[in-house]
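These values consider heavy atoms only, across backbone and side chains, with no hydrogens, waters or symmetry-generated copies.
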Amino acid sequence: MTASELAAAPSAPRSRAARAGRGVLVGLAAISIVAQSALIASAGWAVANPRAVTDAVTVWQYDPTPAISGYATRAAMSERGRFLFYASLPEVVPGDAFDAVCSRDEPDVGVLGCYTLADGRIYLYDITNAELDAFEVVVAAHEMLHAAWDRLSPEEQAALAAPLEAAFASVGPESELVTRIASYEESDPASRIPELYAIVGTELAEIPAELEQHYAQYFDDRSVVVALWQEVEAIFTALQAELDRRSAELELLAAEIDAEQAAAEQSAAALEADIAAFNDRASRPGGYTSQSAFERDRQSLIDRQTALTAAIDATNAKVAAYNALVEEFTALNDEAAALDKDLNIDPQRLEPTE
């Protein structure tokens, strides 16, 4: 029964009402004491956990844009994951401005996001290519995990190192991830485990159960963001495979052309010498003692000349095919370069075989 409900009872005797009133006041006093104790305990917790308090206030004041909230939703971030994402005040930054807040000036390295340790902010590169919009979601989730790592205790971080290394070992030495991690370590040797933490959580489908359970704090369904990563990875894997195929085809065709041109030059030189010898013999009295011998040698030279012409024509057709393949290769290379540019990469172009 509340105080207002008690005051609204018209038939209660006066003396009982007084006793009831005192009872309610005692009850309210008790509640007040409990509330005060809770406030004191909360103040103590706040002193011991200033980061959590700051995060709570930041999230309370933060108003995410539709793009930012969309990243959290599409990545299947949990309530905790979304909280840490928003606590980092994520911001999508256009290309020129982005390079000023987080960038690495290295060929073939594109920085798409960063979590700044100094102020705990997340900055995301504005990917304008609609074909790559899934990548924005993966990067957002990746940076959210950096924010999560930043809030783990040293003991928690140390306990995760071994399972993260086990997950990394499962990708194999030929994986692009090996090169990427090496690049991180070259820039900052201490970045290996924190980067593995963000990469494993967003890119690897099969990971140790211990890690899967850990990441469940931050994702309602981690497979969602992994599928987005695989979608983007497939675009570049297919394009790279096609570039490699065309490059190998050009290399093989170039070798054939070189061999055929060398053989044609030898055949032409031999034919020229034999024609000169034939003409010299035919011009000398008694060079040929029979018309049949003359006609036989002449026809043999004509046949060789015809065969050589056909061989040269076939080689020239291969040269035309090679040049057409070079144009196709160049177009694919331009497409790859455009995608790299969309991902803030200064690309080193793959050149066809000369």
Side-chain angles (χ1 to χ4, degrees), residues 107-110 129-132 172-179 230-343 345-354:
D108 290 326
V109 174
N129 187 333
E131 186 181 9
L132 302 173
E174 301 303 320
S175 171
E176 167 273 337
L177 181 54
V178 174
T179 303
Q230 292 172 339
E231 174 186 327
V232 174
E233 186 180 36
I235 295 172
F236 289 92
T237 299
L239 183 55
Q240 186 62 55
E242 186 63 13
L243 279 168
D244 290 342
R245 186 185 70 80
R246 297 294 179 91
S247 181
E249 189 175 351
L250 283 168
E251 185 175 352
L252 179 61
L253 192 54
E256 291 179 3
I257 291 170
D258 288 344
E260 289 176 8
Q261 285 179 334
E265 288 173 1
Q266 290 180 345
S267 296
L271 178 61
E272 185 177 357
D274 290 344
I275 289 174
F278 170 81
N279 289 334
D280 179 67
R281 180 181 177 184
S283 65
R284 285 185 284 109
Y288 279 98
T289 59
S290 70
Q291 186 65 27
S292 62
F294 172 82
E295 292 295 342
R296 183 191 65 232
D297 288 352
R298 180 175 179 276
Q299 188 60 49
S300 176
L301 292 173
I302 291 173
D303 290 344
R304 286 171 60 188
Q305 189 173 52
T306 301
L308 179 59
T309 300
I312 291 173
D313 289 344
T315 300
N316 287 336
K318 287 186 177 182
V319 171
Y322 179 90
N323 290 335
L325 279 173
V326 168
E327 291 183 5
E328 294 175 8
F329 184 91
T330 301
L332 278 173
N333 220 341
D334 289 342
E335 181 182 342
L339 286 175
D340 283 345
K341 185 176 180 181
D342 289 334
L343 295 179
I345 297 173
D346 179 18
Q348 299 295 300
R349 291 170 60 87
L350 178 62
E351 298 298 337
T353 303
E354 293 294 339

| query | Looking only at side chains, do E265 and Q261 share a donor and an acceptor under 3.5 Å apart? | reply | no
| Taking R281 for the side chain and G287 for the main chain, is one N or O donor matched with an acceptor at less than 3.5 Å? | yes
| request: May I ask you to decide if G172's main-chain N or O and S175's side chain share a donor-acceptor pair within less than 3.5 Å? | output: no
| field | Considering all heavy atoms, the nearest A336-L243 contact | value | CB-CD1, 4.0 Å
| said: Rounded to the nearest 0.5 Å, what separates atom CG in L301 from atom CD in E272? | reply: 12.0 Å
| query | Does any N or O in the side chain of S267 come within less than 3.5 Å of the main-chain N or O of A263, such that one atom is a donor and the other an acceptor? | reply | yes
| task | Heavy atoms only: give me the nearest F294-A282 pair and the separation to one decimal. | result | CE1-CB, 3.8 Å
| remark: What one should report as the nearest heavy-atom pair of K318 and L253 is O-CD2, 3.8 Å
| task | Measure the shortest side-chain to side-chain distance between I312 and L308 over non-hydrogen atoms and say whether it is less than 4.5 angstrom. | result | yes
| note | Nearest heavy-atom contact between L271 and Q305 is CD2-CA, 3.6 Å
| request: Would you mind reporting whether D342 and E131 have side-chain heavy atoms less than 4.5 Å apart? | output: no
| query | Considering only heavy atoms from C-beta outward, does the side chain of D274 approach that of D297 to under 4.5 Å? | reply | no
| message | Return the CG to CG distance between L339 and D334, rounded to the nearest 0.5 Å. | response | 11.0 Å
| Should the heavy atoms of other residues, nucleotides or ligands under 6.0 Å from CD of E256 be counted, would the total exceed 12? | yes
| message | Is the shortest side-chain heavy-atom distance between L325 and E328 below 4.5 Å? | response | yes
| query | Are L343 and F236 side-chain neighbours, meaning at least one heavy-atom pair lies under 4.5 Å? | reply | yes
| request: Return yes when atom CZ of R298 has more than 12 non-hydrogen atoms of other residues, nucleotides or ligands closer than 6.0 Å, and no otherwise. | output: no
| field | Point-to-point distance, once rounded to the nearest 0.5 Å, from CZ of F329 to CZ of R245 | value | 11.5 Å
| query | Does the side chain of I302 come within less than 4.5 Å of Q299's, by heavy atoms? | reply | yes
| field | No-hydrogen, no-angle side-chain donor-acceptor test under 3.5 Å, E327 and N323 | value | no
| query | If you round to the nearest 0.5 Å, how far is CG of D340 from CD of E335? | reply | 11.0 Å
| task | Side-chain contact test, heavy atoms from C-beta onward, threshold under 4.5 Å: evaluate it for N129 versus L132 and give yes or no. | result | yes
| Separation of L177 CG from E233 CD (nearest 0.5 Å) | 9.5 Å
